[in-house]
Amino acid sequence: MPIISIRTLQEQVSVQFIQPRLIARLTSFFGVLSLVLASIGLYGVTAYNVGRRVSEIGVRMALGANRVHILVLVLRAAWGLISLGSSLGCR
């Protein structure tokens, strides 16, 4: 039988793994895309909640709350959403 093509072992192995490599890259891309979309959604919900509570935040600052207390107030609600979403997503 004649030899049609001579390839190194590395070339033969790389040809065998083209499809699994493509699937891994696509899966990674969609994973990163889902994280970006989830982050944008979380930002939107947090901004909406803060926008609804502007008067409450103003009253708290008028009564003596500093920026750290306000930040903790906002982030506590955001972490609540993150923990709820993570617990539902891991099931």
Side-chain angles (χ1 to χ4, degrees):
M1 290 182 43
I3 298 175
I4 296 173
S5 68
I6 298 174
R7 293 186 297 191
T8 65
L9 180 64
Q10 183 178 1
E11 290 172 347
Q12 289 177 358
V13 170
S14 68
V15 168
Q16 293 295 321
F17 286 110
I18 288 176
Q19 185 177 4
R21 235 184 262 135
L22 176 65
I23 291 172
R25 285 183 184 156
L26 282 174
T27 304
S28 299
F29 171 73
F30 286 124
V32 169
L33 182 65
S34 68
L35 284 175
V36 168
L37 289 175
S39 299
I40 291 170
L42 183 63
Y43 173 78
V45 169
T46 303
Y48 176 75
N49 285 337
V50 169
R52 284 183 45 211
R53 298 174 77 177
V54 166
S55 59
E56 176 191 349
I57 291 170
V59 170
R60 286 179 182 265
M61 290 184 79
L63 292 175
N66 58 11
R67 290 178 185 256
V68 174
H69 290 103
I70 301 301
L71 185 64
V72 167
L73 177 74
V74 170
L75 290 180
R76 186 179 300 142
W79 279 109
L81 290 173
I82 290 171
S83 63
L84 177 67
S86 296
S87 65
L88 290 176
C90 288
R91 288 186 178 191

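Listed by chain and number, the residues in a salt bridge (charged side-chain N to carboxylate O under 4.0 Å, His left out) with E56 are R53, R60 (sequence neighbours excluded).
Between G31 and S34 the shortest heavy-atom distance is O-OG, 2.7 Å. The two residues R7 and Q12 come nearest to each other via the heavy atoms O-NE2, 3.7 Å.
Here L71 sits in one hydrophobic cluster together with L42, V45, L75, W79, L81, I82; the rule is ILVMFWY side chains under 4.5 Å apart, joined directly or through other members. Applying the under-4.5 Å side-chain rule to Ile, Leu, Val, Met, Phe, Trp and Tyr, the cluster around L63 extends to V59. Hydrophobic cluster membership of L84, counting Ile, Leu, Val, Met, Phe, Trp and Tyr whose side-chain heavy atoms lie under 4.5 Å apart directly or via other members: L88. With side-chain heavy atoms closer than 4.5 Å counting as contact, directly or through intermediates, L35 stands alone and belongs to no larger hydrophobic cluster.
A side-chain donor-acceptor contact under 3.5 Å links N66 to the backbone of H69.
There is a path of hydrophobic side-chain contacts, each under 4.5 Å, that joins F30 to L37.
Annotation: side chain of F29 is not in contact with side chain of V32 (no heavy-atom distance under 4.5 Å).
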Would you give me the side-chain donor-acceptor pairs under 3.5 Å for residues 13-23, sequence neighbours excluded?
unit_1, atom_1, unit_2, atom_2, d
S14, OG, Q10, O, 3.4
S14, OG, E11, O, 2.9

